[in-house]
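In what follows, a structure is listed as structure tokens, so that the remarks can point back to it.
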Amino acid sequence: SGGWRKVAEGAPRGRYAHGMVIEERAGVVLLYSGAAAHRDAPLEDMWQWDGTRWTAIRLTGPTPGFRYQPVMVAIDET
């Protein structure tokens, strides 16, 4: 049957205007920034989806900061 269903616990907060990219080599999807769906509050977090679970990625050093509808590109350097 169609429709949405929860497939994992510990997911990122609901949001819009975020960036997502498929990193084919690693077999993951990366999500960055956007705004919280319930308050329009800016988000500056990054998450990884491996097909089974979400994992928060701790950003260290300089970051792009909050971005509204960022463009993300995975580059294959092989």
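In what follows, residues are counted from 1 in the order of the sequence shown.
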Fill in: Under the side-chain contact (heavy atoms from CB on, under 4.5 Å) test, residues paired with Ala37 that sit two or more places apart
none

Worksheet item: Of all residues at least two apart in sequence or in a different chain, which pass the side-chain contact (heavy atoms from CB on, under 4.5 Å) check with Gln48?
Response: Val28, Leu30, Ile57

Fill in: Shortest non-hydrogen contact between Asp50 and Thr52, atoms and distance
OD1-N, 2.8 Å

Discussion item. Applying a strict under-4.5 Å side-chain criterion to I, L, V, M, F, W and Y, I'd like to know whether Leu43 and Phe66 cluster together.
Written reply: no

Item to complete: Taking side-chain contact (heavy atoms from CB on, under 4.5 Å) as the test, write out the residues that go with Val71, two or more places apart.
Response: Val73

Show me the donor-acceptor pairs within less than 3.5 Å that the side chains of residues 5-23 make with the rest of the protein, sequence neighbours left out.
unit_1: Lys6; atom_1: NZ; unit_2: Glu9; atom_2: OE1; d: 3.4
unit_1: Arg15; atom_1: NE; unit_2: Arg13; atom_2: O; d: 3.2
unit_1: Arg15; atom_1: NH1; unit_2: Ser33; atom_2: O; d: 2.8
unit_1: Arg15; atom_1: NH1; unit_2: Asp45; atom_2: OD1; d: 2.7
unit_1: Arg15; atom_1: NH2; unit_2: Asp45; atom_2: OD1; d: 3.3
unit_1: Arg15; atom_1: NH2; unit_2: Asp45; atom_2: OD2; d: 2.9
unit_1: Tyr16; atom_1: OH; unit_2: Asp40; atom_2: OD1; d: 2.5
unit_1: Glu23; atom_1: OE1; unit_2: Arg25; atom_2: N; d: 3.0
unit_1: Glu23; atom_1: OE1; unit_2: Ala26; atom_2: N; d: 2.8

Fill in: ring-ring contact (aromatic ring centres under 6.0 Å, His included) partners of residues 25-52, not counting sequence neighbours, each pair once
Trp49-Trp54

